[in-house]
Amino acid sequence: MEEKTVNIDIRKDLFGANEDAAALNAAKFKEHGIKVFDIMGSVGTGKTQLIEALCDLIADDHKILMLAGDLATRIDADRVSSHGVDTVQINTGTACHLDARMVKVALNEIPLSDYDVMFIENVGNLICPAGYSLGAMKKVVVVSVTEGPYMVRKHPLTIKRADMIVINKIDLAQALEFDVDALVRDVREVDADIPVLKISAKTGEGVRELAKQLGI
Ligand code: MG
Ligand code: ZN
């Protein structure tokens with residue numbers, strides 16, 4: 001008899017399927033003329049605050065949708081809703097990142113052509129969200145001065161897969177004796193060309209420049 005062995009690379013198949021779904025999402029976003037940004041970063045880095053600041057800046061002339069990924073709560077979506085922005089919550093249960101299919105399902109009933117911009121706040125975690133494309137125009141990684149000096153060095157793959165790095169909470173750098181330029185140099189070690197923006201979502205410093213770089 002014939003003896004046959006089939007080796008299946010589950011990880012490869014999973015990622016491949018996600019990339020296909022992400023490409024479909026991207027095509028749909030383009031068709032509806034909506035600019036989509038995937039905002040990634042660990043818990044407490046200020047992703048929601050950054051989205052709130054951007055919404056306040058552009059809400060007058062953009063219709064915005066916010067898609068929030070979270071294990072169990074609506075806290076972030078509710079915060080952004082309070083700025084008059086439409087929100088969709090995805091509760092992932094046990095999944096520590098969003099994937100392209102979750103985004104597709106969550107947007108099923110949403111008339112995307114009603115919106116100009118969508119911010120996706122990914123699950124608070126700097127490791128696996130970067131491995132799952134959602135179909136966004138840009139992957140924005142947010143780190144902040146409150147997370148200690150090694151966030152970039154410890155997450156090189158995430159930095160590599162990002163399109164832009166935002167260093168948030170620079171208003172606290174001096175009080176915490178945090179060397180923001182050293183963090184920028186860490187980014188440069190991984191990627192010589194990626195845009196790095198220093199901002200304070202709280203005071204608004206750098207937020208206008210961020211919006212400009214995002215093209216919104
Ligand atoms: Mg948040
Ligand atoms: Zn995960």
Side-chain angles (χ1 to χ4, degrees), residues 9-19 21-22 25 36-57 59 64-106 117-136 138-148 151 154-162 164-172 197 199-204 207 210 214:
D9 184 342
I10 289 177
R11 281 176 56 87
K12 197 175 157 206
D13 285 353
L14 268 178
F15 284 119
N18 187 70
E19 287 301 320
N25 284 349
V36 179
F37 305 98
D38 180 4
I39 314 291
M40 291 176 274
S42 51
V43 174
T45 199
K47 296 182 296 301
T48 313
Q49 200 177 34
L50 179 148
I51 292 169
E52 291 177 284
L54 285 170
C55 287
D56 286 345
L57 188 69
I64 308 166
L65 180 67
M66 185 253 196
L67 187 65
D70 201 288
L71 298 181
T73 77
R74 264 201 68 92
I75 295 171
D76 296 340
D78 287 344
R79 275 175 58 185
V80 175
S81 287
S82 74
H83 294 253
V85 169
D86 292 348
T87 58
V88 176
Q89 178 69 49
I90 302 179
N91 283 137
T92 58
T94 54
C96 47
H97 56 267
L98 293 176
D99 67 32
R101 253 197 51 230
M102 293 179 204
V103 170
K104 177 180 185 290
V105 170
V117 173
M118 175 163 66
F119 297 114
I120 303 176
E121 179 170 345
N122 218 308
V123 178
N125 158 14
L126 199 51
I127 302 171
C128 43
Y132 293 83
S133 295
L134 306 178
K138 279 190 162 73
K139 295 179 182 178
V140 179
V141 166
V142 187
V143 293
S144 85
V145 308
T146 55
E147 302 170 281
M151 287 307 281
K154 289 191 176 183
H155 301 90
L157 261 182
T158 297
I159 302 296
K160 241 180 225 152
R161 288 174 177 151
M164 183 182 295
I165 308 297
V166 175
I167 303 175
N168 192 18
K169 306 190 192 179
I170 56 167
D171 55 302
L172 299 175
L197 283 107
I199 75 152
S200 166
K202 188 180 165 193
T203 68
V207 175
L210 171 61
L214 292 175

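Atoms within each ligand, like the ligands themselves, are counted from 1 in listed order.
For R79, the CZ atom sits in a packed shell: over 12 heavy atoms of surrounding residues, nucleotides or ligands are nearer than 6.0 Å.
Distance alone, capped at 3.5 Å, places no donor-acceptor pair between the D38 side chain and the S133 backbone. Without hydrogens or angle criteria, Q89 side chain to A68 main chain gives a donor-acceptor distance under 3.5 Å.
Angle SG (C96) to the Zn ion (ligand 2) to SG (C128): 110°, rounded to 10°.
A side-chain donor-acceptor contact under 3.5 Å links D56 and H83.
Because the distance cut-off is set at 2.8 Å, E121 qualifies as a neighbour of the Mg ion (ligand 1) through one of its N, O or S atoms. For T48, the nearest N, O or S atom to the Mg ion (ligand 1) falls under 2.8 Å.
For D76, the N/O/S atom at the shortest distance from the Mg ion (ligand 1) is named OD2. Closest approach between the Zn ion (ligand 2) and any N/O/S atom of H97 involves ND1.
Proximity of M151 to S42: side-chain heavy atoms (C-beta onward) are separated by under 4.5 Å at one or more points.
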